[in-house]
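Just below is one structure, and these are the notes that go with it.
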Amino acid sequence: MEYVGNRGGIPLSNATQTNAGSATTDAVYEMPNHVFRFVGLRGLIIVNFNAAVTTAQGVTISVNNSTLPLTSNNDEAVTALTAGIHILLFDKPSNKLQLIV
């Protein structure tokens, strides 16, 4: 079993919605540059989403002009999201962001 840990604790970041999305477009959230710097290859991050998504094709997180889709723990696209604090798993080798809570 591989150990997964965060250097320096679990980081907290804010995500600002830049596109609310629809049934045919992704909702987009912008996060600060270098938000994953202290996570390592894999780790947890707490994100405070400023706005909810009620219906979208998917949810995309934009950081440093790169985008990552937000998926559920079974790799399905997240199509609705409540505003507030959520726990995400960042997996750099797989280039994934998974919604945990």
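- Here the closest heavy-atom approach between residue L41 and residue P93 is recorded as O-CD, 3.3 Å.
- Using modelled atom types, one finds a donor on one side chain and an acceptor on the other under 3.5 Å when comparing N74 with S72.
- Shown here for T79 and V53, the closest heavy-atom pair between the two residues is O-CG1, 3.8 Å.
- Scanning both residues, A27 and A56, for their nearest heavy atoms gives N-CB, 3.9 Å.
- The line from CG of N95 to CG of L68 is 4.5 Å long, rounded to the nearest 0.5 Å.
- Using a 4.5 Å heavy-atom cutoff, the side chains of L99 and H86 are in contact.
- Listed for the T25 side chain is a donor-acceptor partner under 3.5 Å among the backbone atoms of S22.
- Panel note: side chain D26, backbone V28; no donor-acceptor pair is recorded below 3.5 Å.
- Residues S62 and E30 have side chains that bring a donor and an acceptor to within less than 3.5 angstrom of each other.
- A side-chain donor-acceptor contact under 3.5 Å links Y29 to the backbone of A51.
- The distance from atom CG of L44 to atom CG of L89, rounded to the nearest 0.5 Å, is 6.0 Å.
- From E76, atom CD reaches atom CD of Q98 across 11.5 Å, with rounding to the nearest 0.5 Å.
- The two residues Q57 and A23 come nearest to each other via the heavy atoms CB-O, 3.9 Å.
- Using a 3.5 Å distance cut-off with no hydrogens or angles, the side chains of T16 and N50 do not pair a donor with an acceptor.
- Atom OG in S13 sits 9.5 Å away from atom CD1 in I61 (nearest 0.5 Å).
- If you run side chain to side chain contact (heavy atoms under 4.5 Å, CB included) between F49 and each of N14, T82, L81, I85, only L81 comes through.
- The side chain to side chain contact (heavy atoms under 4.5 Å, CB included) test with L88 is passed by exactly one of I100, L70, I46: L70.
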